[in-house]
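Chain letters run A, B, ... following the sequence lines, proteins first and then strands; every chain starts at 1. Only a predicted model underlies this, so the values are computations on that prediction, with no experimental measurement involved.
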Number of protein chains: 2
Amino acid sequence: MPPREIRNMDEFAAVSGISRPTVSKYFHNPDSVRQSTRARIEAAIEQYDYRPNIFAMNQNRKLTKNVGIVVPLLADPYFAEIARNLEQRCIVAGYSPTLFSAHGDPEQEVAVLNNLRALKPAGVLLAPLGRASDTDVLAKFCEDVPTLIFDSSVAELGIAFVGSDNQQFTAHITDYLCRTGEPPCFFEMKNPANPNAHRRRHAYLAAMEKFGHSPHVISVAGEGWGFEEIGRVGGHDAFARNLFPTNTILCSNDRLAIGLLTASYERGITVGRGDGSTVRIAGQDGHPHSRYTCPPLTTISHDYDAVSKHAADTLFAAIEGNAERWQSTRIEGRLILRDSA
Amino acid sequence: MPPREIRNMDEFAAVSGISRPTVSKYFHNPDSVRQSTRARIEAAIEQYDYRPNIFAMNQNRKLTKNVGIVVPLLADPYFAEIARNLEQRCIVAGYSPTLFSAHGDPEQEVAVLNNLRALKPAGVLLAPLGRASDTDVLAKFCEDVPTLIFDSSVAELGIAFVGSDNQQFTAHITDYLCRTGEPPCFFEMKNPANPNAHRRRHAYLAAMEKFGHSPHVISVAGEGWGFEEIGRVGGHDAFARNLFPTNTILCSNDRLAIGLLTASYERGITVGRGDGSTVRIAGQDGHPHSRYTCPPLTTISHDYDAVSKHAADTLFAAIEGNAERWQSTRIEGRLILRDSA
DNA sequence: ATAAAAAATTTACGCGCGTAAATTAGCGGT
DNA sequence: ACCGCTAATTTACGCGCGTAAATTTTTTAT
């Protein structure tokens with residue numbers, strides 16, 4: 001039961017017994033007013049349920065509290081999960097996150113960035129499409145808006161990059177596969193959307209060389225972000241043409257592995273590390289779905305929490321003025337052993 | 001190379017040779033000005049790359065062009081896909097969509113609705129959490145903001161409901177399963193998050209009765225939105241306790257079916273419609289992932305396009321004043337035959 | 001207690017645009 | 001050429017808040 005409707009900050013200041021500029025200061029940063037004043041304001045907020053008009057607030061403020069979160073494909077649960085994680089961290093830190101997806105389309109990525117500009121964001125957490133991104137547009141955006149790049153690196157753009165250590169990912173799981181059976185071949189897309197794919201291929205080649213095995217890469221055709229279908233179709237083709245030289249297949253990512261599992265099933269090829277199985281298949285990413293494939297997928301998982309925490313903290317530090325030199329941080333993954341390999 | 005920086009609508013009106021009120025009118029609705037005027041304005045936009053300040057625009061407008069899209073769980077590709085679909089339709093219709101997820105948490109749903117209020121949206125497309133939603137908060141929100149409820153209905157709230165015809169879904173796939181093998185039992189959550197689950201159970205019971213078979217429902221424990229895990233754990237339990245009376249299992253939804261497939265695999269139970277298989281498993285939803293399970297999942301799919309088109313069109317009509325009486329529209333699904341049943 | 005420092009208040013202006021009312025210009029039809 | 005209508009212009013005010021400068025009050029330190 002609010003005693004009466006508060007229409008604006010003037011009225012709110014009146015009923016709370018504090019001057020409007022001080023109230024304004026409070027909403028900008030609650031710690032910037034005296035403790036007793038803060039208590040009185042917060043009591044009045046509680047009582048009158050007043051919230052300042054965000055449009056009027058942001059109109060004149062040089063720096064808003066808005067933070068944009070941009071991912072290349074929200075329909076991919078991996079990005080949905082990391083976006084959720086980042087969103088929570090923004091809220092906790094007092095920012096207003098807004099979520100955007102490029103839906104796998106470079107033109108939509110450009111459109112998203114343009115719309116984002118209009119929000120005058122204090123900062124942006126951006127996972128670019130990668131190879132398909134318009135680098136010039138990205139670079140110009142990063143000049144204008146404090147932008148932290150995550151997941152997939154594009155040049156040395158923005159205030160920093162935070163992602164996973166793909167070298168370590170692939171080296172680690174390759175090592176595991178070599179120690180527990182035949183050395184793996186490497187299953188990937190010919191023209192991967194994401195630059196991480198190249199790092200993983202190189203890491204595979206290096207790891208195999210280091211262990212004294214001869215590497216073997218199977219690159220399948222396919223464009224876009226329908227990785228499962230690309231893996232399935234490419235897998236059928238590779239099986240049909242007998243392209244896999246060993247019984248162990250390391251996939252460039254989990255979604256490709258999921259498609260390959262489907263192809264294997266459809267061809268009656270049993271997958272697993274047990275004696276009755278024909279091939280071992282492993283993925284990379286720790287995709288939320290990987291637990292539920294048949295067989296459950298052995299993979300190496302991103303440290304979702306660590307990546308998003310570091311990304312968010314770095315952006316907030318930059319926004320608050322503690323800017324450091326551009327830096328790339330890559331966080332190690334954790335091997336998840338399941339039945340597929 | 002813009003000849004000079006345009007700072008506001010006054011300056012833009014000056015360089016385009018049109019008065020500011022007319023320019024303002026144009027941005028509100030390009031069709032509301034004369035064709036020749038529109039051409040001059042658009043030429044100037046092209047040349048000077050001017051875009052009005054959205055904060056100033058929305059501050060005084062009684063009705064903004066903002067549309068909120070709220071889903072219960074963005075990490076579920078089903079919701080991600082329908083959200084993407086709705087987003088595109090908003091953009092095409094000239095609205096500015098903003099995406100929100102409750103992340104499966106009723107408190108976050110309330111928080112999202114509160115934040116949404118501050119955006120003064122022209123309308124909202126809301127898929128509620130369902131059973132866990134705070135109905136009072138939803139009702140109050142629907143009173144204040146033109147809200148179209150989709151996916152899962154809660155009372156007769158908002159301007160209309162648009163969703164899938166769960167009766168038809170279940171009747172149709174039950175019919176198919178009865179015609180092609182043993183009549184199915186029904187696998188569901190004991191306390192489903194979503195009211196659609198109840199409709200599906202009832203439709204199953206009705207369909208079985210109609211076909212002259214005795215129905216059998218297996219309700220597994222589990223709270224929250226981790227359906228795959230609930231299906232997997234519940235499946236293990238049901239298999240262990242021999243709770244499935246027939247070799248055909250119709251799951252209340254695809255994610256539950258995915259978990260049940262995993263449980264079947266882990267117990268060495270072969271799934272499929274072929275002779276060598278032990279059980280048939282079918283889902284409901286046409287989940288984006290259902291194509292890639294092993295075996296690929298037979299399911300009945302939402303008509304994503306039709307649902308989102310009808311939802312968006314109904315909301316836009318209501319926003320533009322063509323309000324009709326509250327109405328519930330349920331769209332039929334399409335059976336997708338794959339190998340699991 | 002007193003001075004210095006910190007916080008709050010008063011006053012006042014501006015942001016970029018929405019919008020209303022009265023006026024003027026442009027258009028087609030006869 | 002005239003009338004009637006629609007569209008554009010001029011003028012003017014307001015929205016809700018940010019923010020700066022000058023002043024007063026409160027707190028802290030001595």
Between B:Asn8 and B:Asn53, is the side-chain hydrogen bond (donor to acceptor under 3.5 Å, both in side chains) condition met? List the steps. CA-CA 8 Å; B:Asn8 55 38; B:Asn53 181 311; over 6 Å; no
Do A:Leu125 and A:Val67 have side-chain heavy atoms sitting under 4.5 Å apart?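 A:Leu125 reaches A:Val67 side chain to side chain.
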Is A:Thr22 near enough to C:dA8 that one of its side-chain N or O atoms lies under 4.0 angstrom from OP1 or OP2?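 Answer is no, no contact under 4.0 Å.
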Indicate for each nucleotide in nucleotides 15-21 of chain C, in 5' to 3' sequence, whether protein heavy atoms under 4.0 Å reach the base (B), only the sugar-phosphate (S), or nothing (-). BBBBBS-
Cationic N near anionic O, under 4.0 Å, B:Asp313 to B:Lys309: yes
Quiz: residues 72-84 of chain B side-chain donor-acceptor pairs under 3.5 angstrom, not counting sequence neighbours:
from: B:Asp76; atom 1: OD1; to: B:Tyr78; atom 2: N; distance (Å): 2.9
from: B:Asp76; atom 1: OD1; to: B:His287; atom 2: NE2; distance (Å): 3.1
from: B:Asp76; atom 1: OD2; to: B:Arg255; atom 2: NH1; distance (Å): 3.2
from: B:Tyr78; atom 1: OH; to: B:Asp151; atom 2: OD1; distance (Å): 2.6
from: B:Glu81; atom 1: OE1; to: B:Arg84; atom 2: NE; distance (Å): 3.3
from: B:Glu81; atom 1: OE2; to: B:Arg84; atom 2: NH2; distance (Å): 2.9

Trace of the side-chain hydrogen bond (donor to acceptor under 3.5 Å, both in side chains) decision for B:His103 with A:Glu87: CA-CA 11 Å; B:His103 301 306; A:Glu87 189 179 305; 3.2 Å; yes
[X] has an atom [atom1]; how far is it from atom [atom2] of [N], in whole Å?
| X | N | atom1 | atom2 | value |
| --- | --- | --- | --- | --- |
| A:Arg38 | C:dA7 | CZ | C1' | 16 Å |
| A:Arg34 | C:dA7 | CZ | C1' | 5 Å |
| A:Gln35 | C:dA8 | CD | P | 11 Å |

State, without any angle test, whether B:Gln108 and A:Gln88 hold a side-chain donor-acceptor pair at a distance under 3.5 Å.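 Present: a donor and an acceptor within the cut-off.
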